[in-house]
Amino acid sequence: MRKQKTWQTVLKRTAVIVAAVFAFFPIYWLISTSFKPFDEWANWPPIWLTDNPTLQNYRIVFFPELAREFAAQQEGSLDYKVSGSAWNAFKGSAIVSVAATIISVAFGTLAAYSIVRFKTGGKNYPFQFLTVRMVPPIAVVVPMVVLFSILKLSDTYFGLILAYSAFTLPFSIWMIRSFIDDVPAELEGAAMIHGMGQFRAFLTVTLPLVKGGILSTALFIFILNWSEFLFALVLTAGNVVTVTLQVANYVSASSGKLYGVQAAMGTISTLPVIVFGYMIQRHIVRGLTFGAIKR
Amino acid sequence: MSKKSIVTDRSRRKFMQSAAVGATAAVIAPSFIMSPRMANAATLGNVHIEAAKKAKELAAGRNITLKVLQPSGSLGNVKPVADQFTALTGVAVEYLEVPLGEITQKILLEAVAKSGAFDLALPATFGMPDLVESGILVNLDQYASKYEPAGFQDDALFSTGDYYKGSLYGYQTDGDTYVMFYNKDWLENPDENKKFADKNGYELKVPDTWEELDAMMAHFHHPDKGMYGGALFRTQYFLAWEWWVRFHAKGFFPLDDDLNPQINNAAGVEALEEMVAASKHLYPGARTNGLFENFEAFGAGDKFCNIGWGGTQKFLNSDKSSIKGRMAFGPTPGGIVDGKLLRTPYFNWGWNYVVSSVSAEPEIAYLLTLYACSPAMSTVAVRDPDGYFDPFRGAHYEDDAIIKTYSPEFLAVHKASMEGSIPDLYLKGQGEYFDELRTNLGAADAGTKTAKQALDDTAKSWERITRRMGKRSQGVQWSFLKSIYPSSIRNRLK
Amino acid sequence: MNRIPFNIRLVLPAQLTIMAIVVVPTVILLWLAHTDWQPTQNIPWFDAEFYWFWNFYDLWYDERFINSVFRTLFVVATCIAVELFLALGLALLFLDEWPWRKVAVSIIILPMMIIPVDAANAFFMLFNERGPINHLITVITGEVFEFSWLSHPTWAMVPIMLAEIWQWTPLMFLLVLTGLMNLPENQIRAAVGLGASPVRIFFRVMLPLLVPVISIAVVIRAIETFKIFDPVYILTRGQPGGATETISMYMYNGAFVYFRMGYIAAAALLVLFVVVSVCLVLARPLRKHG
C-alpha cells in the first residue's frame with residue numbers, strides 16, 4: 001500500500017513540475033532574450049542560455065544615448081536610433097492607468113454602496129454594468145473614434161482615461177459590491193442610532209473595514225489598465241504612448257523585429273503587473289468572476 | 001454669409017469631377033508640366049539654404065515646433081537633416097513613431113480625428129491616393145509655385161507618386177525600385193555557360209526577359225547539390241509585386257481607359273502561369289521567408305538570383321554577406337512586345353513627405369520637406385546606413401559614402417531602373433485592389449485556383465471596388481496616372 | 001440637484017461615464033451602420049448617404065466575415081475545453097497540503113500576470129522558424145523541423161490558441177481549485193466510507209457539485225475569449241490572407257486598415273446584438289450567485 005502511494009506521489013509531483021515548467025518557459029524565454037546580444041536573437045539552433053549577456057537592449061529602451069555610445073565602442077553591437085526612450089511610454093501608461101484607476105474605484109465605490117445599501121435600480125440593475133464587459137471592445141471602438149474626433153479627445157490622456165474608466169467600472173462596482181456586502185448593514189445602523197447620517201456612517205464604519213478590498217480592487221483595475229492594448233492602439237496617434245504600444249516600435253529597416261529590445265521592454269513593463277498581481281492574489285478569483293466566487 | 005460658404009464641400013467636389021471628366025488632359029497637364037517657377041531665387045544647388053532662410057523668416061519671433069509622424073526605424077534618415085534645419089531656422093522638430101505597417105492608417109485616422117497630432121508625415125507612396133481623397137493632405141501646388149526651383153522634380157528620378165489628379169501632395173524621399181541580383185560566379189562560369197547555351201541556344205548573361213530568367217533559374221536549380229535557382233519570394237505581398245512586373249512586361253496596362261480590368265486577359269494569365277511554374281525553381285524558404293531571411297538566404301551564395309531593393313544591397317554588400325563583391329546586377333526582366341524588348345522596372349514602395357491639412361503651419365512644414373528633399377540634404381539622409389531611404393536623386397549616385405555602401409555596379413543599375421520605373425496602382429482603395437490580387441495570386445501559387453480563375457476573380461472584385469470608389473473619380477486619376485508613366489513605356493503599353 | 005434622491009446621485013458618476021463611452025457610441029453605431037461611410041470620401045460622417053440595409057446584406061454574403069465568426073466560435077470552444085481540462089487535472093493535484101505547494105501555485109499562476117501583448121511577443125519568438133519550439137521538435141524527431149507556424153493558413157491558429165490557453169488556464173485553475181476546496185466534505189467522506197473508488201468519487205460526487213463554479217468560470221472565460229484580439233494582432237494580424245482572423249481582428253482590419261467604417265459599424269452592431277443577448281441568457285449562473 002505504501003509503495004503505491006509513493007509511486008502516485010512521484011507521478012503527482014512530476015505533473016506539477018511539468019506544469020510549472022510550461023508556465024514558466026515563455027517567461028524564461030522573454031527574460032533570457034532580453035539579455036542576448038543582437039547576433040544571438042534568431043540563430044539556428046536557438047541559444048537557450050546566452051554566454052554573452054548584455055545590457056544593451058535595456059540601454060536602448062531606457063537610455064538610447066548611452067546605447068549609442070556603447071555601440072560605437074563595441075563593434076557588432078546593436079545601435080538602434082529610437083526617437084525617444086521608453087520613458088515617454090512609461091509616463092503615458094502611468095498617467096492613464098493611475099488616473100483611470102482612481103476614477104473607476106471612486107465612482108465604483110459610490111455606486112456599489114448605493115446598490116448594496118439602497119438596492120438602487122432593483123435586482124437587475126447591477127447586470128447592466130456587466131453587459132459593458134460583454135461588449136467586444138472593437139465594436140465600440142469604431143464609433144468611439146468618431147466620438148472622440150467630435151469631442152477633440154483623440155490622442156489625449158483624458159480621452160484614454162475616460163475610455164479605461166468606463167470599461168473597468170463593471171469590475172470595480174461588482175468587486176467592491178461584494179466587499180461591502182460582507183459587512184453587515186447593522187454596523188452602520190448602530191452608528192446611525194448614535195445620530196450619524198447614513199452616508200457618514202458608511203464612511204466612518206464600513207469604509208475602513210473594506211479598505212483592504214478596495215485596495216485590492218484598485219490594484220486589479222490598475223493591472224487591467226496597464227495591460228490594455230486595443231484602445232491605446234486606436235485612440236492615439238503618437239503623442240500619447242503606452243507601454244503596450246511601445247513594444248511594437250522596436251523594428252528596424254535592416255533587421256526587422258528587434259527581438260531582444262522587445263523582450264527587454266516586455267520584461268520591464270510587465271513587472272508592475274507581476275508585483276501587484278501577487279499582492280492581490282487572494283482576490284483575483286473574486287475579481288475575475290465579478291465577485292461571484294469568493295475564497 | 002457670402003455665397004461662397006453656402007457651396008458645401010460635396011457639391012464642390014461634384015463640380016470638380018464633372019469639369020475634370022470633360023477636359024482631363026487639358027485641365028491637368030499645364031499645372032503638372034511645371035513651367036519654371038518665377039519670383040524664386042532658388043536653384044537645385046542652394047534650394048535648401050533658401051528654404052531654410054524663408055522658414056526662418058516665417059517663424060521669426062515665434063516658438064514653433066513641427067511634429068513629424070514617421071515609421072519606426074526611419075529616425076536615422078530624418079533626424080540628422082531635421083537637426084540642421086532646426087539649427088538654421090530655430091524651428092524645433094519632434095518625432096512621433098508608429099510601426100512601419102501602420103503609418104498610412106494612422107494618418108487616415110487623423111483624417112477622422114483631426115486632432116492636430118502631427119504637421120508632417122511619411123506615408124508609403126502607394127497610400128497617398130487614399131490620404132488625398134480623405135482630405136488630410138495639403139495640396140502643395142501653392143507652395144511649390146512659390147519655392148520649388150526649376151528642374152527640382154526632374155532631378156528626382158521617380159516623382160510619379162508625388163502627384164494625384166494633377167496636383168503635388170508630397171516629395172518622394174526613397175528610391176524603392178525593384179532590382180535583380182545575380183550570382184556572378186555562376187553567371188560567368190564557362191562550363192555552365194556551355195551547358196546552358198547548348199540547351200537554350202544563347203549564352204548566359206544578365207537576362208533581358210522573364211523567359212530568359214525563368215530558363216536560367218531552371219538551369220541552375222539543383223537542390224540535391226545545394227544549388228537553387230532563385231531566392232525570389234512567394235509570400236503574398238511579393239507575389240503581387242513580381243506578377244505586376246511580369247504582366248506589364250507583356251505590354252498591357254492593368255486597366256483600360258474605362259477602368260475595366262485587363263489583368264485577366266491572355267497576357268495576365270500567361271504571366272501568372274509562368275510565375276507559378278518558376279516557383280519550382282526557388283529555394284524552399286520562398287513561401288515563408290520575410291525580407292530579412294531573404295537577405296541572409298541569398299547572402300549565403302548558393303542561389304542564382306534574387307529580387308530586392310537598395311536595402312537588400314546594403315546587406316548583401318556588407319560583411320555579413322558571403323556574396324559580397326561576387327554579384328552582377330540587372331533591372332527586372334522585361335518582355336518582347338511588338339518584336340522589341342520592353343523593360344518595365346517597378347517602383348513598389350517609397351516614402352513621401354506630406355503636410356497635414358490640420359497643421360497650423362503648413363507653409364513652414366512645406367519648407368521643411370523641400371529642405372529635406374533638396375539634393376544636398378537628401379544626400380545626408382540617404383547616407384544613413386541603417387535607415388530606409390535608398391538613393392533617389394542624381395546627387396546621391398555621386399556621393400562617396402553612398403557609393404561605398406551600395407557599390408558602383410549596383411548604383412548604375414539602380415539609377416537606370418529608377419529613371420524608367422512603372423508606378424504601383426496609385427488609385428483610391430489601392431489596399432483593397434492589391435489585397436484581392438494578393439489573395440488570388442496566393443491561391444494560384446498554392447494550386448487551389450487555376451491562373452485564369454484567380455485573375456478572373458480578381459478582375460470581378462476590382463470592378464466592384466471601382467464602383468464603390470466612384471468610377472468617375474477613379475477615372476480622372478487613372479487617365480492622369482497613365483499620362484505620367486515613363487514616356488519610354490507609356491506608348492508601348494496597351 | 002437636491003431633488004434627486006441621494007442613492008441615485010451616488011450611482012450617477014458611474015452611470016454617466018458608462019453612458020458616455022458605451023451608450024453614445026452605440027447610438028452613433030446605429031447611424032453609421034446604415035451608411036457606407038469611409039474617411040476617404042472626405043465628408044463628415046453625419047453627411048454620409050443613407051445606405052438602407054445594404055451593409056447587413058453584404059455582411060451576410062461576406063465570406064471573410066462569416067468565416068471569422070465560425071473561427072472565433074471554434075477558438076472559444078477549443079480554448080475553454082482545453083483550459084478546463086488542464087485546470088481540473090491540475091487542481092486535483094493541489095487538493096492536499098504538501099511541501100512547496102504555495103510556491104508551485106505561485107509559479108503556475110504566473111502566466112496570468114504577464115501583459116497579454118508581451119506574452120504574445122514571447123510566443124512569437126517561441127514559434128519563430130528558428131525558435132525553441134521547432135528546435136525541440138527537431139531534437140525529438142531527429143529531423144530538421146524549421147516549420148514556419150505563423151505563415152501557415154491552418155497551423156498559425158495553434159500559437160494563437162496556445163498563447164491564450166497558456167495565459168488563462170491559471171485562472172481556470174484557481175477557480176476550480178476554489179470550488180474544489182469549498183466542496184462539502186461530508187458527501188465525499190460518505191462516498192469514501194461506502195468504498196467508492198477515487199475515480200468514481202470524482203465523476204459522481206465532486207464533478208456534479210462543481211458544476212456551479214465551472215459554469216461561472218466557463219461563462220466568464222467564454223465571454224473574454226470571444227473578444228480575443230491581442231494575440232491575433234501580435235502574432236499574425238489575421239494573415240495569411242485572413243486565415244487567422246477572429247471577429248475582433250476582422251473588424252479591426254475592416255475599420256482601421258481598409259477604413260470601411262460604415263460597413264464595420266454594421267458588423268459591430270450585429271456582434272453587439274448577438275453577444276449581449278447570448279450573454280444575458282448565459283449569465284444566469286452569475287445571477288444565481290450574485
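Throughout, a chain's letter reflects where its sequence line sits, starting with A, and its residues are numbered from 1.
Heavy atoms closer than 4.5 Å to chain A are found in the side chain of B:K106, but not in its backbone. For chain A, no part of B:E94 is nearby; none of its heavy atoms comes within less than 4.5 Å. Neither the backbone nor the side chain of A:L235 comes within less than 4.5 Å of any heavy atom of chain B. Using a 4.5 Å cut-off between heavy atoms, A:N239 touches chain B through backbone and side chain atoms alike.
A:N57 and A:S34 share no donor-acceptor pair across their side chains, judged by distance under 3.5 Å alone.
Separating the CG atom in A:L147 from the CE atom in A:M144 is a distance of 8.0 Å, to the nearest 0.5 Å.
Partner of B:V78 under the side-chain contact (heavy atoms from CB on, under 4.5 Å) criterion, chosen from B:Y353, B:W351, B:Y388: B:Y353.
A:F90 and A:F62 have their aromatic ring centers within a separation under 6.0 angstrom. Here A:Y58 and A:F63 keep their ring centres 6.0 angstrom or further from each other.
For the options B:D319, B:I107, B:L109, heavy-atom pairs under 4.5 Å to chain A are most numerous at B:L109. Ranked by heavy-atom pairs under 4.5 Å with chain A, the list B:P99, B:G290, B:S318 is led by B:P99. Contacts with chain B were tallied for A:L153, A:I150, A:V234, A:N88; A:V234 has the most, counting heavy-atom pairs under 4.5 Å.
For the pair B:D399 (side chain) and B:A401 (backbone), a donor-acceptor distance under 3.5 Å is present.
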